[in-house]
Amino acid sequence: MIDKIANSASEAISAVFDGATVMISGFGEAGSPVELIHALIDHGARDLTVVSNNTGNGHVGLAALIENRQVKKMICSFPRTADSVVFPELYCRGEIELELVPQGTLAERIRAGGAGIPAFYTPTSVNTPLAEGKELREFGGRSYILEYGLKADFALVKCRAADRYGNLLYNKTARNFGPVMCMAAECAIVQAEEIVGAGSIDPEAVVTPGIFVSRVVHIADPASENRLLKEGRRYP
Amino acid sequence: MIDKIANSASEAISAVFDGATVMISGFGEAGSPVELIHALIDHGARDLTVVSNNTGNGHVGLAALIENRQVKKMICSFPRTADSVVFPELYCRGEIELELVPQGTLAERIRAGGAGIPAFYTPTSVNTPLAEGKELREFGGRSYILEYGLKADFALVKCRAADRYGNLLYNKTARNFGPVMCMAAECAIVQAEEIVGAGSIDPEAVVTPGIFVSRVVHIADPASENRLLKEGRRYP
Amino acid sequence: MSRDIKGWSREEMARKVAEDIPGGSYVNLGIGMPELVANHIPEGREVIFHTENGLLGVGPSPVTGAEDDELINAGKKPVTAIKGASYFHHADSFAMVRGGHIDICVLGAFQVSEKGDLANWSTGTPGAIPAVGGAMDLVEGVKTIFVMTNHTTRGGESKIVPECTYPLTGKGVVSRIYTNMAVIDITENGLMVRETAPGADREYLESITDAPLTFPSK
Amino acid sequence: MSRDIKGWSREEMARKVAEDIPGGSYVNLGIGMPELVANHIPEGREVIFHTENGLLGVGPSPVTGAEDDELINAGKKPVTAIKGASYFHHADSFAMVRGGHIDICVLGAFQVSEKGDLANWSTGTPGAIPAVGGAMDLVEGVKTIFVMTNHTTRGGESKIVPECTYPLTGKGVVSRIYTNMAVIDITENGLMVRETAPGADREYLESITDAPLTFPSK
C-alpha cells in the first residue's frame with residue numbers, strides 16, 4: 001500500500017544533504033513550513049541553496065535557518081521585509097549569496113522546472129538591471145529575455161490537508177508557491193495540519209496530486225510565525 | 001454588477017468573426033461544447049483556424065463545423081479517431097490545412113499563450129519529423145526544440161457549473177483543455193450545465209477563475225455526442 | 001507661495017484613481033498608498049481586485065480580531081475574500097498578470113519619466129538589499145499601469161523626470177500619473193495634465209516638476 | 001516448426017509487464033494492448049495509473065450501464081477513478097509526463113530498433129492522416145519506457161529492427177520490449193534476451209528477429 005506519511009518532521013527531512021537545493025513555500029509567513037524548517041535546523045545540512053520568495057522574519061523559521069549558517073545562497077524576489085534582520089546583515093557582510101528574481105519569473109521558473117521546460121522567454125525585467133547578461137530576443141516586434149527552469153532536490157511545503165497518496169489541499173493565500181514547488185522538487189516534503197483518509201478529498205478539488213509529493217508529516221497545530229515573532233522567539 | 005451570463009448560445013458566440021482563431025475544448029467527446037459549436041454553425045463565421053485535440057466525430061459538433069466548410073485549418077494532435085470521417089476526407093482532397101502538434105506540446109503552447117510566454121523549449125518530438133524546421137538547442141547536454149505560445153480570439157468551452165463572474169467547475173476528464181483554452185483566448189465563451197450563485201463555488205476549488213472567462217451560457221442538458229452518433233444525427 | 005499648497009489628500013487621490021476604473025475591471029493594487037483605492041470605488045460599480053499572492057476577489061480589511069495569517073495581500077496585510085473569490089498558486093496568479101488578463105494596476109513610484117518609464121523598486125544605493133517582488137511582472141503584463149505617488153519626494157525633488165536616474169522597473173509602461181497635485185497622462189506628445197489640485201496652477205506645477213508639461217488649451 | 005509456436009497470449013504478456021512494475025509506481029498505459037496490464041498487477045502491490053487526458057488514479061473498467069461519457073481514458077474508453085484520485089487539466093497532466101514524474105509508460109510499437117528508437121505513430125504511408133497524440137511527450141518525459149507488442153507484424157515481418165524505417169516517435173527511448181515471444185532488454189551492448197516464451201528457443205527467435213540478439217550465458 002502506498003503510504004507517504006512519515007512519523008515526524010525530523011524523519012521526513014532526514015534525507016536532505018549538504019549542498020542541496022531546497023525550495024521552501026510561503027509568502028511572508030503564509031504557507032511557511034516552520035516545523036519542517038526547524039527540523040532542518042536540528043538536522044544541520046549545510047551549504048544549501050534555498051529558493052523562497054522571502055528570507056524569513058525575526059529569528060525563527062527560514063530566518064533561523066539562515067542565521068544558523070546553513071544557507072549558502074538565496075534565490076528569491078523580495079529578500080527584505082519589515083521583520084527581516086538576519087539576511088540583510090549577512091548579505092551586507094558578503095556572507096550569503098543572492099539571486100534576485102522577479103516574483104512572477106520565479107514562480108514560472110519553478111513551474112517550468114516541474115514541467116520539463118528547460119527555458120522560456122518572458123518580457124519581465126527587459127530594460128532593467130535584472131536583464132543584464134541575459135539573452136535578449138524579439139518575437140513579434142517585442143523584446144523578451146530567456147529564463148531557465150528551476151529544479152530542486154527537496155521542497156519543504158506547508159498545506160492544510162493531505163492523504164496517504166500525498167494529495168494536498170491548501171488554506172487560502174497560504175497556497176502560494178507550494179504547488180509549483182512540489183512539482184519542481186525531486187523530493188517534496190509536506191507538513192499537513194490534517195491527515196485524511198484516501199478518498200476524503202474530492203478528486204475535482206485536489207490542488208496538488210500525490211504524484212508530486214514524496215513525504216507527508218502531520219503537524220496538527222503549526223506555529224504561527226507572527227506569534228513567534230511577537231513573543232520574540234528564537235530557534236533553536 | 002458583473003454578470004457574464006448570456007441569454008443564449010447564439011448570443012454568446014455572436015462576436016466570432018471570419019478568419020478568427022477558435023480554440024474548442026474536449027478530448028474526444030468529453031468536454032466538447034456541442035451546443036456552442038452548433039450555434040457557430042448557425043452563425044456561419046468562415047475561414048476559421050480551429051485549435052482542438054481532435055477533429056470531431058460523425059456529422060455533429062466539431063465534425064459538422066468542418067463539414068460546413070467553416071474551418072480553413074486545424075491545429076491538433078490526433079485528427080483521426082474511430083468515428084472521424086469528415087476531416088480525413090477533406091484533408092485527403094487537400095481542402096483543409098493541418099498543423100499536427102504533440103498533445104503535451106499543444107497543451108503547453110496553449111498555456112504559454114495564456115501566461116504571456118511567447119516561446120519555450122521542449123524535448124518532445126526531437127529527432128522526429130515533427131521537429132523538422134524547428135530551432136534545435138542544447139541545454140545541459142540534451143536537445144530541445146523551440147515551440148511557440150498559442151493564443152486565440154475565442155475559446156468555446158464546456159463546463160459543469162459557473163457563476164456570474166465566470167468562475168468554473170468541470171466534470172471529471174471533461175476538464176481536459178478547457179482551463180488552458182480559457183486562459184489563451186481573448187474571449188472565452190463557456191457553456192455550463194448549471195449556473196450557481198456567486199459564492200456557491202468554494203474559492204479553494206475553483207478551477208477556472210472568472211478573469212479568464214468572458215461569457216457563460218446555460219445549457220442545462222447538453223447533448224451527448226456519443227448518443228448523437230449512435231442515432232446517426234447530422235447538424236444542421 | 002508653494003509652501004501653502006497641500007494638494008489632494010491620500011484619500012482624495014485614491015478617489016480620483018477609483019473614479020477612473022471602469023466597472024467590471026480586474027485590478028491589482030500595489031503595496032502602500034494604492035491599497036486605499038479599493039475603498040473608493042463608486043457605489044454600484046463592481047471591480048475585482050487581484051493580489052499576486054494568489055487571490056482574485058479581495059474584499060475589505062477584516063475587523064479587528066478576525067484577521068487570518070493565511071489570508072493576506074501582497075503587502076502581507078490581512079484581507080478578506082468576496083463571495084465569488086478564488087484562490088490559486090503563484091504561477092497561475094502570475095499567468096493572470098503576465099498573460100495580460102489584469103486590466104489595471106496601480107503602483108507607487110520613486111520616479112516616472114515623461115516617456116512612461118517607471119523606477120519603483122530600487123534607489124540604487126550601494127549596499128542596499130535589492131528587492132523587486134512582482135513589480136516588473138506587473139508593469140510588463142498588465143494592460144494599463146497607473147502610478148499613484150506624491151508629486152515630490154520629502155526632500156522636495158520632482159518624482160516626474162525627463163529620464164529616470166534610479167534603476168528601471170520597466171520602460172514606457174506607465175499610462176497615467178496621479179499625484180497629490182495633478183492627474184497627468186503620458187502620451188506620445190509627452191506629459192498632458194488632465195486635472196490639477198486646488199491651488200496648483202500651471203506655474204506652480206511647472207515649478208515642482210522636472211519634465212515639461214502640456215496643459216489643456218481651454 | 002516456426003508455425004507451431006504461438007508464444008504468450010496477450011494476457012500472459014500483460015502479466016509479465018505487470019510483474020515488472022514496482023509497488024508505488026506511477027504508470028501510464030498506452031492505448032490498446034498495454035491497457036491490459038492494469039488487470040495483472042500482483043495482489044498487494046499498489047500502482048497508480050495516469051491517463052494523459054487528466055486523471056491520476058484510473059480504476060477498473062465500469063460495469064455495463066455505469067459508463068460515464070465524461071470519465072474516459074486516453075483511448076476514449078470509459079474508466080472509473082479510485083478513492084484518492086485527482087482530476088486536472090491537460091497542461092498539468094502533461095507537466096506530470098514531461099516533467100519526469102511518471103515512472104513507467106507501456107506503449108505499443110510499429111518498430112523498435114536495437115538502440116531503443118521507437119516508431120509507433122505513423123507508418124509514413126503517403127496520403128495517410130498523420131496523428132500523434134501524446135506518444136512523443138511520453139517517450140521523452142517518462143523515466144522508463146516499456147514496449148509491449150507482437151514480435152512480428154501480421155505479415156510476419158520483425159518489429160525489432162536494426163534501424164526504424166517508419167517515422168520516429170523518439171530516439172533511444174525504449175528500455176525493454178515485451179513481445180509474445182520474449183522479454184528483451186535494450187542495453188548499451190544491444191538487445192539482451194531476458195526470457196523466452198515456451199518453445200521460442202534461440203534459433204527460432206533469431207529467425208523472426210531482424211536485429212542481433214544476445215542470450216544469457218547460463
Side-chain angles (χ1 to χ4, degrees), chain B residues 1-5 23 107-120 149-153 155 159 161-170 178-188 195-216, chain C residues 21-28 41-59 68 70-73 79-105 134 136-143 170 173:
Chain B
M1 195 180 86
I2 294 172
D3 188 359
K4 300 183 179 177
I5 315 295
M23 292 178 172
E108 192 64 34
R109 288 181 63 192
I110 296 168
R111 189 226 168 238
I117 294 170
F120 60 89
L150 261 179
K151 289 191 193 187
D153 300 300
C159 80
D163 65 18
R164 66 178 171 87
Y165 291 113
N167 293 310
L168 309 183
L169 294 176
Y170 297 83
V180 287
M181 288 182 169
C182 286
M183 291 174 67
E186 193 57 45
C187 176
I195 306 292
V196 300
S200 305
I201 303 178
D202 177 359
E204 301 278 10
V206 169
V207 177
T208 292
I211 192 169
F212 295 126
V213 172
S214 292
R215 292 176 204 177
V216 174
Chain C
I21 296 176
S25 298
Y26 291 91
V27 177
N28 181 293
I41 299 298
E43 195 74 24
R45 203 183 282 182
E46 194 173 23
V47 166
I48 305 288
F49 293 103
H50 170 264
T51 183
E52 58 265 38
N53 55 316
L55 167 59
L56 192 67
V58 180
D68 180 341
E70 298 199 324
L71 179 47
I72 60 176
N73 66 12
V79 294
T80 57
I82 65 166
K83 284 187 179 193
S86 52
Y87 298 105
F88 31 82
H89 64 58
H90 247 81
D92 280 350
S93 185
F94 277 92
M96 295 177 188
V97 171
R98 295 153 62 108
H101 304 282
I102 311 271
D103 297 301
I104 294 172
C105 178
M136 290 183 182
D137 306 289
L138 287 162
V139 299
E140 288 296 334
V142 174
K143 290 175 195 157
V173 295

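If you're wondering where the values come from, they're calculated on a predicted model, not measured in any experiment. Chain naming here is simple, since letters A, B, ... match the order of the sequence lines and numbering starts at 1 in each.
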With sequence neighbours excluded, what pairs up with N167(B) under the side chain to side chain donor-acceptor pair (under 3.5 Å) test?
-> D163(B)
Just give me the residue among A81(C), G141(C), A95(C) that pairs up with chain B most often, heavy atom to heavy atom, under 4.5 Å.
-> A95(C)
Side chain, backbone, both or neither: which part of K4(B) has a non-hydrogen atom closer than 4.5 Å to chain C?
-> side chain
Considering only heavy atoms and a distance below 4.5 Å, find which of A115(B), G116(B), S200(B), A198(B) pairs most often with chain C.
-> A115(B)
Taking everything shown except K143(C) itself, do over 12 heavy atoms lie less than 6.0 Å from its NZ?
-> yes
Nearest-0.5 Å distance, CD of residue E46(C) to OH of residue Y165(B) | 3.5 Å
Those residues of residues 207-215 of chain B, ordered by number, that approach chain C below 4.5 Å (heavy atom to heavy atom) = P209(B), G210(B), I211(B), F212(B)
Between M96(C), R45(C), H50(C), which has the largest tally of heavy atom pairs under 4.5 Å with chain B?
-> M96(C)
Where does I82(C) contact chain B at under 4.5 Å (heavy atoms): side chain, backbone, both or neither?
-> side chain
